[in-house]
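Here is the structure we will look at, set down as structure tokens.
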There are 2 protein chains.
Amino acid sequence: MLTIGSLARKTGTKVQTIRYYEQIGLMPEPGRTEGGQRRYGDDDLDRLAFIRHARQLGFSLEAIRELLDLSDHPDRPCLEADAIARRQLKQVEQRLARLEALRTELKRMIHECSGGQTADCRVLEVLRDHSECLTDHDEIGA
Amino acid sequence: MLTIGSLARKTGTKVQTIRYYEQIGLMPEPGRTEGGQRRYGDDDLDRLAFIRHARQLGFSLEAIRELLDLSDHPDRPCLEADAIARRQLKQVEQRLARLEALRTELKRMIHECSGGQTADCRVLEVLRDHSECLTDHDEIGA
DNA sequence: TTTACACCCTCAAGCCACTAGAGGTTCAAC
DNA sequence: GTTGAACCTCTAGTGGCTTGAGGGTGTAAA
């Protein structure tokens with residue numbers, strides 16, 4: 001049986017995050033020692049590893065909840081899991097497109113900056129006047 | 001003089017967001033009508049446009065605060081503004097790299113999914129076993 | 001057996017950058 | 001004078017954690 005600390009180390013999670021996942025029902029309530037400390041088994045380790053891996057791939061906790069649910073029902077068709085992953089891919093591709101536009105614009109701003117006084121700073125000038133932008137960047141709400 | 005609503009429309013900002021910027025000191029307290037409604041001038045319009053544009057380029061409100069401060073002092077050297085922009089570019093490039101790795105992995109997962117039962121679903125399988133990943137994706141805390 | 005100390009506990013609040021909603025007031029046009 | 005859109009303040013919620021206060025537990029060495 002693992003303490004919360006060793007589970008945290010094994011999965012690269014913070015202790016508080018594990019308690020948070022328990023609180024929101026993503027991780028089950030584990031057994032406790034007489035003194036009230038949490039003790040985890042291998043199932044918990046697998047589940048947490050799954051969650052962390054999905055988080056690394058950018059899935060939201062809600063999406064992960066669905067994926068875990070599907071994972072618990074091996075007889076169900078896998079269309080749903082596929083759909084969740086496709087949705088995630090789409091989001092990633094949208095964010096990529098936006099970030100690429102951003103990169104272009106930032107590079108241009110910096111490249112044009114002469115290093116003089118802020119009065120002549122291209123960085124500030126471009127920020128002041130959107131019409132100087134070439135790309136259709138829009139990162140807000142991304 | 002502009003009402004908060006027309007300022008919002010002109011800058012593509014929500015009314016509540018403008019009040020929020022005022023609350024955190026990013027926008028100055030505007031004049032008021034006798035009835036207590038906010039009224040804005042052209043300076044406010046410029047400042048808010050600057051803020052929104054910087055937000056679109058992904059700058060944090062703290063970075064924007066610094067940029068606005070620099071913008072208010074045209075005699076100071078522009079090294080600082082340049083540094084802020086470079087920092088931002090670096091962040092954008094890091095996020096791009098991570099997202100590209102993510103996209104690769106997601107595509108592979110989806111591509112390999114046969115569409116059968118969740119028991120055989122590659123999407124779920126990959127999530128279960130990180131060692132099946134080819135890329136060094138890590139989007140958490142990005 | 002005592003003591004040290006790393007680890008664990010709960011609960012509350014904070015982070016960012018807003019967003020939403022309740023409940024009430026003002027402004028401008030008709 | 002009346003309508004109704006737009007305004008006001010204040011509070012709370014979002015996601016995904018993180019931090020901190022103030023205390024209890026577990027284990028190994030002296």
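Chain letters run A, B, ... following the sequence lines, proteins first and then strands; every chain starts at 1.
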With no hydrogens and no angle check, is any side-chain donor or acceptor of [X] less than 3.5 Å from a backbone partner on [Y]?
X      : Y      : value
A:T11  : A:L7   : yes
B:E105 : B:T135 : yes
B:R19  : B:I4   : no
A:T13  : A:R9   : no

Specify the separation, in whole Å, of atom [atom1] of [X] and atom [atom2] of [N].
X     : N      : atom1 : atom2 : value
B:Y20 : D:dT11 : OH    : C1'   : 15 Å
B:L7  : D:dC7  : CG    : P     : 10 Å
B:M1  : D:dC7  : CE    : P     : 14 Å
A:Q23 : D:dG16 : CD    : C1'   : 11 Å
A:L2  : D:dG26 : CG    : P     : 16 Å
A:E34 : D:dT27 : CD    : C1'   : 16 Å

Item checked: Within-4.5 Å side-chain heavy-atom neighbours: A:I64 and A:E66 -> no
Checklist line | Residue mapping more 5' on DNA chain D - nearest nucleotide basis, B:V15 or A:Q16 | finding: B:V15
Check: Given that A:T17 and A:T33 both sit by DNA chain D, which one's nearest nucleotide is further toward the 5' end?
Finding: A:T17
Kindly point out which of [options] is positioned nearest to the side chain of [X]?
X     : options               : answer
A:Q37 : D:dT25, D:dT9, D:dC17 : D:dT25
A:L61 : D:dG16, D:dC7, D:dT18 : D:dG16
A:K14 : D:dT18, D:dT9, D:dC17 : D:dT18
A:Y21 : D:dC17, D:dC7, D:dT19 : D:dC17

Which part of the nucleic acid, if any, lies within contact of [X], taking any heavy atom under 4.0 Å across all strands shown: a base, the sugar-phosphate backbone alone, or nothing?
X     : value
A:I4  : sugar-phosphate
B:R38 : sugar-phosphate
B:R52 : sugar-phosphate

Check: Just wondering, more than 12 heavy atoms not from A:D72 lying within 6.0 Å of its CG?
Finding: yes
Next item on the list: Please name all residues satisfying ring pair (Phe, Tyr, Trp, His ring centres under 6.0 Å) with A:H130, sequence neighbours left out, ordered by chain then number.
Entry: A:H137, B:H53
Checklist line | Heavy-atom contact window of chain B on DNA chain C, given 5' to 3' at under 4.0 Å | finding: C:dA17 to C:dC27
Margin query: Is B:R32 close enough to D:dT9 that one of its side-chain N or O atoms is under 4.0 Å from OP1 or OP2 there?
Written below: yes
